[in-house]
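What follows is a single structure, written as structure tokens, with notes after it.
For clarity, every value in this text was computed on a predicted model and none was experimentally measured. Positions are given from 1 along the sequence. In listed order, ligands and their atoms are each counted from 1.
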Amino acid sequence: MEFSPSVENKGALPTSQVVPMPASRPPAPSPAQSAELTRPAGPGLHVAIISDGNGRWATSRGLPRSAGHRTGAEAARRIIEAAPRLGVHTLTLFALSSANWKRPAAEVSGILRLLHEYLLAETAHCVEEGVRLSIIGRRDRVPATLRQAIADSEAATARGTRLHLRLAIDYSAREAIFHAACRFYKVTELSPESFGRVLAEVYRGGSTEVDLLIRTGGEQRLSDFLLWECAFAEFVFVRKAWPDFTAADLEAALQEFALRERTRGALPGALAG
Ligand code: FPP
């Protein structure tokens, strides 16, 4: 997802998938877990995806940008389906940034319509598949009918335990942190953990530490996504545009993640004494 309305600085998408990263180190035996944020219940990873490149995917094929978003929604379905069997317990997808309101109104309302259709079409499937759906982000600026569909989907899927799917809609991490800070003055126990809990309440849908952040579309930036939760996340940047992203690409990113040693500032496992 590009969070500025301008796409001029983007070149054609190269064909290779994962952007080369610095030399990988062997996995740590047992990296210490940060107590800053609530871990997802049970085993599994939290993967967050900035699903970028829909527009360029479409324009490079002579199609309207809306066709890219529609095909992007299909990619989202594939990845949601594949995630639990690849060891993902929580999946957060960036569907609409608060900065995306700067785009033409027709594009934004088209994306909101697509998300509404997605909720209507997929909620029953989510229930069957044990997927709990949450929306993170502001709800006051989306159409009332979408707000209702969000509430209905969240209620219907609340008991899902196989995958926690979080869709970020009208989401800005800075704004979430700012709102949490505004509420925090009322909290008597001042700690990073209690701040994390307030942050989790701000946009609902919890606030759990991200293990792996993937961005498709070739750009390498965080674009106001899960700033607090990504403090110790590993990043994998993929050149493919989101509509072309497959379960095999997710698996490749997870394999790359498995090679990283997560020291969280401590010494690497081999050197720690
Ligand atoms: C990024 O491409 C995508 C978006 C701005 C929003 C739409 C996202 C989806 C359709 C995927 C998730 C959907 C569902 C239903 C969960 P871009 O328009 O920023 O592409 P560009 O950088 O090439 O212009």
Side-chain angles (χ1 to χ4, degrees), residues 1-14 47-83 88 90-123 125-126 129 131-137 142 146 149-150 153-154 157 163-172 205 213-225 237-247 249-250:
M1 173 175 317
E2 177 46 42
F3 297 84
S4 127
S6 153
V7 293
E8 278 87 28
N9 61 342
K10 295 172 175 172
L13 294 171
V47 173
I49 305 184
I50 301 178
S51 47
D52 193 16
N54 292 351
R56 282 166 288 157
W57 181 92
T59 47
S60 69
R61 287 164 176 75
L63 299 169
R65 291 175 61 83
S66 57
H69 296 319
R70 193 155 286 282
T71 314
E74 291 307 319
R77 277 191 191 91
R78 282 199 300 272
I79 296 308
I80 294 162
E81 182 96 30
V88 177
T90 303
L91 177 67
T92 307
L93 293 181
F94 208 170
L96 188 74
S97 156
S98 296
N100 288 151
W101 290 107
K102 294 176 198 156
R103 294 185 178 198
E107 178 168 348
V108 176
S109 57
I111 293 170
L112 291 171
R113 235 185 347 265
L114 201 56
L115 291 167
H116 193 165
E117 282 170 23
Y118 176 85
L119 295 179
L120 296 181
E122 292 296 317
T123 296
H125 190 220
C126 286
E129 294 294 314
V131 175
R132 174 181 155 215
L133 194 129
S134 303
I135 303 301
I136 59 168
V142 302
L146 174 55
I150 289 171
S153 294
E154 287 180 333
T157 63
L163 176 72
H164 187 190
L165 170 64
R166 307 190 323 152
L167 298 182
I169 300 178
D170 195 0
Y171 174 84
S172 154
L213 183 284
I214 301 171
R215 182 175 186 140
T216 62
E219 305 294 333
Q220 301 192 11
R221 51 179 173 263
L222 204 43
S223 300
D224 201 12
F225 190 42
F237 298 105
V238 178
R239 290 206 173 105
K240 264 190 181 179
W242 174 248
D244 288 332
F245 195 74
T246 63
D249 295 318
L250 175 60

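- Under 4.0 Å from ligand 1, the heavy atoms of Trp242 that appear belong solely to its side chain.
- Looking at ligand 1, you won't find any N or O of Trp57 less than 3.5 Å from one of its N or O atoms.
- A heavy-atom distance below 4.5 Å is not found between the side chains of Val142 and Leu115.
- Counting heavy atoms closer than 4.0 Å to ligand 1, residue Asn54 contributes atoms from both its backbone and its side chain.
- A heavy-atom distance below 4.5 Å is not found between the side chains of Val131 and Thr157.
- For Gly53, the closest heavy-atom approach to ligand 1 falls below 4.0 Å.
- Remark: among candidates Ala76, Ala95, Gly72, the nearest residue to atom 7 (C) of ligand 1 is Ala95, based on non-hydrogen atoms.
- Ring pair Tyr171/Phe94 is perpendicular by interplanar angle, where above 60° counts as perpendicular and below 30° as parallel.
- With ligand atoms numbered from 1 in the order given, ligand 1 contributes 5 (C), 17 (P), 18 (O), 19 (O) to contacts under 4.0 Å with heavy atoms of Arg103.
- Close N/O approach between Gly55 and ligand 1 is found [any backbone or side-chain N/O within under 3.5 Å].
- Side-chain contact between Glu122 and Glu129 is absent, with no heavy-atom pair separated by less than 4.5 Å.
- Looking at Leu167 and Ile150, their side chains never come closer than 4.5 Å, going by heavy atoms from C-beta outward.
- Near Leu167, the atoms of ligand 1 lying under 4.0 angstrom from a non-hydrogen atom of the residue are 16 (C).
- Taking every heavy atom of Tyr118 and a limit of under 4.0 angstrom, the matching atoms of ligand 1 come to 15 (C).
- Each of the following atoms of ligand 1 lies closer than 4.0 Å to a heavy atom of Arg56: 21 (P), 22 (O), 23 (O).
- In this structure the side chain of Lys240 never reaches within 4.5 angstrom of the side chain of Thr216, judged on heavy atoms.
- At a 4.0 Å heavy-atom cut-off, ligand 1 does not touch Glu74 at all.
- With respect to the salt-bridge test (charged N to carboxylate O, under 4.0 angstrom), the residues Arg77 and Glu74 qualify.
- Distances from ligand 1 to the non-hydrogen atoms of Ile111 include at least one value under 4.0 Å.
- Using a 4.0 Å cut-off between heavy atoms, Leu115 contacts ligand 1 through its side chain alone, with no backbone atom that close.
- When heavy-atom distances to ligand 1 are checked against a 4.0 Å cut-off, Glu219 has no atom that comes that close, whether in backbone or side chain.
- Using a 4.5 Å cut-off on side-chain heavy atoms (C-beta onward), Leu222 and Leu213 make contact.
- Between Glu81 and His125 the shortest side-chain heavy-atom distance falls below 4.5 Å.
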